[in-house]
Amino acid sequence: MPGSAPHATFNGNAPLRRPVGNSNQNMDVIVIGGGIAGVATAYHLRAAGHRVCVVERHATVAQGATYGHGGNVLPTPLDVWFGPTFLASRQNAKNGVINKIGFNGAARQFVKQLAALQEPEAFARQYGRLRPLIEASRDAMADVEARFGLEFEQTSGLLHLVRAEHEWEQTQPALGLLRQYEVPHHVLTPAECAAYEHSVRTEPEFAGGVLFERERTANCPLFAKLIKQTLDSQGGVQFMLGCEVSAIRLEGQRASVELAPRAGAAARSREVEVIHADAVVVAAGHGSLALLERIGLRLPLHPLRLHTLVAPIAHEECAPHVAIVDAVKRIGISRMNQRLRIAGGAVLQSAGQIDKPLGEAVTKEALALLGQATHDWIPGAARISAALPWEGVKLLSPDGLPVIGNALHPRLFVNAGHGPAGWGLACGAGKLVADLLSGHAPGLPDDTLAALRTDRFQ
Ligand SMILES: Cc1cc2nc3c(=O)[nH]c(=O)nc-3n(C[C@H](O)[C@H](O)[C@H](O)COP(=O)(O)OP(=O)(O)OC[C@H]3O[C@@H](n4cnc5c(N)ncnc54)[C@H](O)[C@@H]3O)c2cc1C
């Protein structure tokens, strides 16, 4: 290893505090990643009394998958990316996922594992394990909102729409779970959908819709930035922006991270900059995989590319008042001021391809899915030709649930793989990490904790 490790503090001059006795109180914790998962984790760690350093390679927070979020705050059984309707068709245009895995064995295995959750009982079991985290996240978020009175473009109302009769049949297990968990919702006929939301067209015929009046959409990157501001003003959390973690070190009772040389620094010094701490939380989204692999933890999470279009409203009278979700293709359309944010258009590739450019034809195909869904459900609402495209990568696990918990070493924690639901889940996930790291009993059932653990894939 070149050079020594000269930097050993969070802020460059304050000495590190050691843990008090054997207790896990008041630790120095490094959080890798300034997406919603990292920021929410930092918030809860600080609330639990720890001193935190968030290391983010971008110049500000919320620049990864968090930036491209579709707006849906918390997942219902209709939103999760597993179950009877997910990848149910082999046709890209029907299931909303463009499959480009070819003969890649690992990617095929991943799809096969997810497909096992199409079976209604397996779907119900897995959603049942996720449900307590959803509830914990709802509570954690409500607490943050009540404490700080944050405004992040929260809007109530989500209307899921289903096209074909056979897709409506496939939706029934999810409707059963809505009843079982007493999630407030209304099942609507097409005419009732159009009566509730004037912008929804009734021709050609579609199967029906499910309205969630209380579920919300909101602006995830704005929320992340507001939390950062709150932490900045309270103190106790340092954000090291524009810094990339190149490696994690685990030694005895300590954990530390090596930073990649910053631009221009490499020529001046061959010393590796190291930050020492008592614990490290990896919440680096897609970047988590490489960091963990370097220390011997290979998680079978799969990167999935997703797209957004942000389109100006074309005709105000055609614009929706609630968020619309194409339930089977999992394309969300939410209004943000004078624009519509359209998110989805997933592309499934082999993991090795994810850092390479997608190629014009596939990008076009993915964006066309978004444009078509908007045109199909709310014609005349968006000016797609003037829309701004964006793409990002999120991590999906083969069993549909995120990876949250301790890994490899008593002082290493992971919070990643939230798939399509990282927005609101981040608050509950961050609290869970803070509880585990502090040695507090998490208020979640054992089977949920087991289903989230990092070692569950072995
Ligand atoms: C198009 C799209 C639409 C979506 N829609 C929704 C939705 O409607 N509802 C919902 O709940 N979820 C949605 N999601 C998913 C949600 O956005 C993600 O689950 C969530 O943002 C993941 O947050 P994260 O913090 O784990 O990852 P990210 O936001 O990707 O953050 C990870 C951060 O880690 C940093 N990083 C990585 N490696 C390193 C390193 N080595 N050193 C330093 N920093 C590093 C990255 O720069 C990045 O900022 C959507 C995702 C996409 C892409």
Side-chain angles (χ1 to χ4, degrees), residues 30-42 53-76 79-81 134 137 141 158 215-221 223-224 227-228 239-248 257-260 275 280-292 294 301 303-310 323 325 330-334 341-347 366-367 370 389-397 402-404 414-430 433:
I30 294 167
V31 175
I32 309 173
I36 186 64
V39 171
T41 303
C53 174
V54 178
V55 186
E56 165 56 52
R57 64 181 165 202
H58 286 293
T60 184
V61 298
Q63 298 298 295
T66 300
Y67 183 82
H69 78 108
N72 294 14
V73 178
L74 283 163
T76 71
D79 298 292
V80 291
W81 284 41
I134 298 172
S137 300
M141 211 166 159
L158 270 167
E215 294 300 334
R216 299 188 302 168
T217 55
N219 187 328
C220 182
F223 179 77
I227 295 290
K228 176 183 179 291
F239 285 85
M240 289 186 70
L241 302 172
C243 295
E244 177 163 3
V245 172
S246 53
I248 299 166
V257 300
E258 291 178 16
L259 298 185
I275 320 173
V280 169
V281 181
V282 182
H286 169 219
S288 306
L289 294 186
L291 287 171
L292 292 168
R294 266 173 238 150
L301 305 180
L304 201 66
R305 206 184 291 264
L306 266 116
H307 294 80
T308 58
L309 283 176
V310 177
V325 183
R330 285 162 169 84
I331 293 174
I333 309 168
S334 47
R341 184 175 192 87
I342 309 151
V347 180
L367 295 177
L370 303 183
W390 184 88
E391 61 161 58
V393 175
K394 67 180 180 184
L395 281 182
L396 195 58
S397 73
V403 177
I404 309 166
V414 178
N415 184 5
H418 297 263
W423 174 189
L425 283 190
C427 293
V433 171

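Whatever order the structure lists them in is the order used to number ligands and atoms, beginning at 1. Side chains included, hydrogens not; waters and symmetry mates left out as well; all remaining heavy atoms used.
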Colleague: Side chain or backbone, does G71 bring an N or O within less than 3.5 Å of an N or O on ligand 1?
Modeller: yes

Colleague: Heavy atoms only: give me the nearest A284-L291 pair and the separation to one decimal.
Modeller: CB-CD1, 4.3 Å

Colleague: Checking the N or O distance criterion of under 3.5 Å, is ligand 1 in contact with A343?
Modeller: no

Colleague: Enumerate the atoms of ligand 1 whose separation from the nearest heavy atom of V55 is less than 4.0 angstrom.
Modeller: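 Contacts of ligand 1 toward V55, numbered from 1: 43 (C), 44 (N).
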
Colleague: Give me the atom names and distance for the closest heavy-atom approach of I36 to T66.
Modeller: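 Closest approach of I36 to T66, heavy atoms only: N-OG1, 2.9 Å.
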
Colleague: Considering only heavy atoms, does E391 approach ligand 1 within less than 4.0 Å through its side chain, its backbone, both, or neither?
Modeller: neither

Colleague: Which of these, T66, V31, T217, T308, has its nearest heavy atom closest to atom 29 (O) of ligand 1?
Modeller: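 That would be T66.
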
Colleague: For the backbone of H69 and the side chain of R341, can you confirm whether one donor and one acceptor N or O come within less than 3.5 Å of each other?
Modeller: yes

Colleague: Any N/O of V245 closer than 3.5 Å to an N/O of ligand 1?
Modeller: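 It does: an N or O of V245 is found under 3.5 Å from an N or O of ligand 1.
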
Colleague: Any nitrogen or oxygen of L306 lying under 3.5 Å from a nitrogen or oxygen in ligand 1? Just yes or no.
Modeller: no

Colleague: Taking R305 for the side chain and G345 for the main chain, is one N or O donor matched with an acceptor at less than 3.5 Å?
Modeller: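 Checked: no pair found.
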
Colleague: So between G70, G332, G33, whose heavy atom ends up nearest atom 6 (C) of ligand 1?
Modeller: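 That would be G70.
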
Colleague: Measure across G419 and K394 and return the closest heavy-atom pair with its distance rounded to 0.1 Å.
Modeller: O-CD, 3.2 Å

Colleague: Please list the nearest protein heavy atom to atom 1 (C) of ligand 1 with its residue and the distance rounded to 0.1 Å.
Modeller: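 Checked against all protein heavy atoms, atom 1 (C) of ligand 1 sits closest to G68 O, 3.2 Å.
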
Colleague: Please list, in number order, the atoms of ligand 1 under 4.0 Å from a heavy atom of L291.
Modeller: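 Listed by number with element: 41 (N).
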
Colleague: I'd like to know whether ligand 1 has G419 as a neighbour, heavy-atom separation below 4.0 Å.
Modeller: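 Judged by the 4.0 Å heavy-atom criterion, G419 does count as contacting ligand 1.
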
Colleague: What do we get for S246 next to ligand 1 when only non-hydrogen atoms under 4.0 Å count, side chain, backbone, both or neither?
Modeller: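 Within the 4.0 Å criterion, S246 makes no contact with ligand 1.
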
Colleague: For the 3.5 Å polar cut-off, considering only N or O atoms, please tell me whether G392 and ligand 1 meet it.
Modeller: no

Colleague: I32 versus ligand 1: do any nitrogen or oxygen atoms come within less than 3.5 Å of each other?
Modeller: no

Colleague: Shortest non-hydrogen contact from S334 to T217?
Modeller: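 Reported closest heavy-atom pair: CB-CG2, 4.2 Å.
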
Colleague: Do you know the tightest heavy-atom contact between S246 and A260?
Modeller: OG-N, 3.7 Å

Colleague: Below 4.0 Å from ligand 1: does a non-hydrogen atom of S288 turn up there or not?
Modeller: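 Heavy atoms of S288 never come under 4.0 Å of ligand 1.
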
Colleague: Is there any N or O on H307 that sits under 3.5 Å from an N or O of ligand 1?
Modeller: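 N/O-N/O distance below 3.5 Å does not exist for this pair.
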
Colleague: Under 3.5 Å, N or O to N or O, is W423 touching ligand 1 that way?
Modeller: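 W423 vs ligand 1: N/O contact under 3.5 Å present.
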
Colleague: Is ligand 1 less than 4.0 angstrom away from at least one heavy atom of E244?
Modeller: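 Judged by the 4.0 Å heavy-atom criterion, E244 does count as contacting ligand 1.
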
Colleague: To the closest 0.5 Å, what do you measure between CG (L289) and CZ (R294)?
Modeller: 11.0 Å

Colleague: Is A421 in contact with ligand 1, taking contact as a heavy-atom separation below 4.0 Å?
Modeller: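 Judged by the 4.0 Å heavy-atom criterion, A421 does count as contacting ligand 1.
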
Colleague: Taking distance alone, with no angle check, do H69 and ligand 1 share an N/O pair under 3.5 Å?
Modeller: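 Among all N and O atoms of H69, none is under 3.5 Å from an N or O of ligand 1.
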
Colleague: Checking contacts here: is it the side chain or the backbone of L74 that comes within 4.0 Å of ligand 1, counting heavy atoms only? Could be both or neither.
Modeller: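 It is neither; nothing of L74 touches ligand 1.
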
Colleague: Tell me which part of C243 gets within contact of ligand 1: side chain, backbone, both or neither, using heavy atoms under 4.0 Å.
Modeller: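 It is the backbone that gets close, since no side chain atom is under 4.0 Å.
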
Colleague: Specify the closest pair of heavy atoms between W390 and G68, including all atoms of both residues, with the distance to one decimal.
Modeller: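 Scanning both residues completely, I find the closest heavy atoms to be CZ3-CA, 3.3 Å.
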
Colleague: Geometry only, no angles: is G422 polar-contacting ligand 1 at N/O separations under 3.5 Å?
Modeller: yes

Colleague: Enumerate the atoms of ligand 1 whose separation from the nearest heavy atom of H58 is less than 4.0 angstrom.
Modeller: 47 (O)

